[in-house]
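Notes for the one structure printed next.
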Amino acid sequence: MEIDERIEEIIEELRSTPYNKATEHHIGRLKAKLARLREEAEKRSSSRDGGKRDNVGRVGDATVILIGPPSVGKSTLLNKLTSAKAEVGAYDFTTIEVKPGILEYEGAKIQILDVPGLIKGLRGGGREVASFTRSSDLVVLMTDILHVNVFEETERELYKVGIRLNQKKPRILVKKKITGGIKINSTVKQDISEETIKEVLKEYKIHNADVILRETIDINGLIDALMKNRVYLSCVRVINKIDMLEDQNLRPTKDTSIGERYNAIMISADKGINLEELKESVFKRLNLIKVYMKHKGEEPDYKEPMILKKGSTVEEICRKIHRDFVEKFRYAKVWGNSVKYGGQMVGLSHEVYDGDVVNISIER
Ligand SMILES: Nc1nc2c(ncn2[C@@H]2O[C@H](COP(=O)(O)OP(=O)(O)OP(=O)(O)O)[C@@H](O)[C@H]2O)c(=O)[nH]1
Ligand SMILES: [Mg+2]
């Protein structure tokens with residue numbers, strides 16, 4: 001049987017199976033099977049179409065990807081935010097190749113990727129979009145005022161290929177073992193039964209493991225924790241072309257209700273409306289921090305902060321300065337909120353905080 005048919009069959013069975021305590025473990029098994037088949041289908045089809053993979057180098061401090069249906073103004077926005085000169089057209093699929101640009105904001109260099117318009121089913125270029133998304137830091141989900149209802153559809157398509165938007169990684173740890181069966185430890189009360197958890201694990205051929213649950217989980221979360229291809233990204237929704245409403249005297253820039261309803265920022269890429277608000281929101285959601293480097297006996301360099309992702313350690317700082325720095329590293333001295341006292345000596349694994357001053361000592 002074709003893989004697509006098997007997927008359809010399972011979806012149908014899931015649809016017709018009522019959810020209750022007696023069916024839960026069966027549903028768990030079906031969902032796990034579905035997740036595996038979908039991954040398999042994606043793998044096969046991407047090798048079939050020659051695997052047009054992510055081939056754009058990542059530069060800058062973080063990467064944002066613009067995703068949305070054709071003709072909503074993605075390339076127009078890229079051109080407005082960066083010095084890129086992407087082709088803009090009044091017809092669908094103007095963009096056929098991924099185009100990068102750099103937005104400079106608050107001292108950070110943010111790479112923006114303009115990708116081909118996305119259509120339902122992630123066929124053709126869609127899988128390429130998915131592959132670019134996996135290695136981005138933030139998704140800007142874009143549409144225009146004529147198509148405000150596509151957000152959920154697009155999110156569903158991305159969900160199917162393992163991309164989780166504005167969702168936390170489930171706090172589930174599975175430590176595989178050789179013997180001893182499945183032992184489940186939970187720090188909180190669980191709704192799903194042990195039997196269901198075991199059924200799902202069985203689908204992944206896990207028969208011996210310690211399972212540690214640090215929050216209330218559901219079947220989908222458990223499957224996500226077992227699949228390797230899941231990514232968790234922040235997402236900002238954008239509705240473009242609000243100038244069109246203005247043409248019709250609907251005073252959209254004052255009437256923010258559409259934006260609120262869809263939890264989206266309303267912009268006009270073409271007329272340059274609300275772009276500052278968008279930049280600010282993108283910057284905030286990227287969760288970047290600034291640290292200031294200091295040479296021994298000198299004042300910190302407050303003019304050119306180093307931009308890092310929140311959660312970064314001294315090791316990441318070293319890598320950003322020079323590839324040799326990790327090997328030659330002796331110690332770092334840190335002033336700021338991440339340490340107990342100014343000038344504290346720390347190692348490579350020390351996490352730095354926003355506003356820290358850092359001095360690195362290496363072997364000469
Ligand atoms: N009225 C209005 N038109 C816009 C705005 N932004 C873009 N457009 C127009 O929308 C059309 C499509 O713009 P593009 O930037 O090529 O759209 P795209 O999303 O990159 O499209 P694809 O590459 O085909 O996926 C062009 O005719 C643009 O001039 C806007 O803010 N207001
Ligand atoms: Mg385009």
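Read the numbers this way: they start at 1 and go in the same order the structure lists the ligands and their atoms. Keep in mind it's a predicted model, so treat the numbers as computed, not measured. All values below were derived from every heavy atom in this structure, side-chain atoms included, with hydrogens, water molecules and symmetry-related copies excluded.
Inclusion of D114 in the set of residues having an N or O under 3.5 Å from an N or O of ligand 1 is not warranted. When only interatomic distances are considered, the shortest N/O to N/O separation between P70 and ligand 1 does not fall below 3.5 Å. At a 3.5 angstrom cut-off on N or O pairs, G89 counts as close to ligand 1. An N or O contact shorter than 3.5 Å links N240 to ligand 1 by distance. For a threshold of 3.5 Å applied to N or O pairs, the pair formed by K271 and ligand 1 contains no separation below that value. Considering backbone and side-chain N/O atoms, A269 comes within less than 3.5 Å of an N/O atom of ligand 1.
Shown here is K183, whose NZ atom has no more than 12 heavy atoms of other residues, nucleotides or ligands within 6.0 Å. For E299, the CD atom counts as loosely surrounded, since its 6.0 Å shell holds 12 or fewer non-hydrogen atoms of other residues, nucleotides or ligands. The number of heavy atoms from other shown groups lying within 6.0 Å of CG (D210) is above 12. Dense packing is recorded around CD of E12, with more than 12 heavy atoms of other residues, nucleotides or ligands lying under 6.0 Å away.
Annotation: atom 21 (O) of ligand 1 to nearest protein heavy atom, S71 N, 2.9 Å.
Those atoms of ligand 1 with a heavy atom of V72 less than 4.0 angstrom away are 17 (O), 19 (O).
V88 and V98 fall into different hydrophobic clusters, where Ile, Leu, Val, Met, Phe, Trp and Tyr residues are linked whenever their side-chain heavy atoms come under 4.5 Å apart, directly or through other members.
No donor-acceptor contact under 3.5 angstrom links the side chains of K296 and N359, judged on distance only.
The option from I273, D243, I267, N79 that lies nearest to atom 32 (N) of ligand 1, judged by heavy atoms, is D243.
Rounding to the nearest 0.5 Å places CG of L103 at 10.5 Å from CG of L275.
Residue S75: an N/O/S atom is found under 2.8 Å from the Mg ion (ligand 2).
Only the side chain of M244 comes within 4.0 Å of ligand 1, judged by heavy-atom distances.
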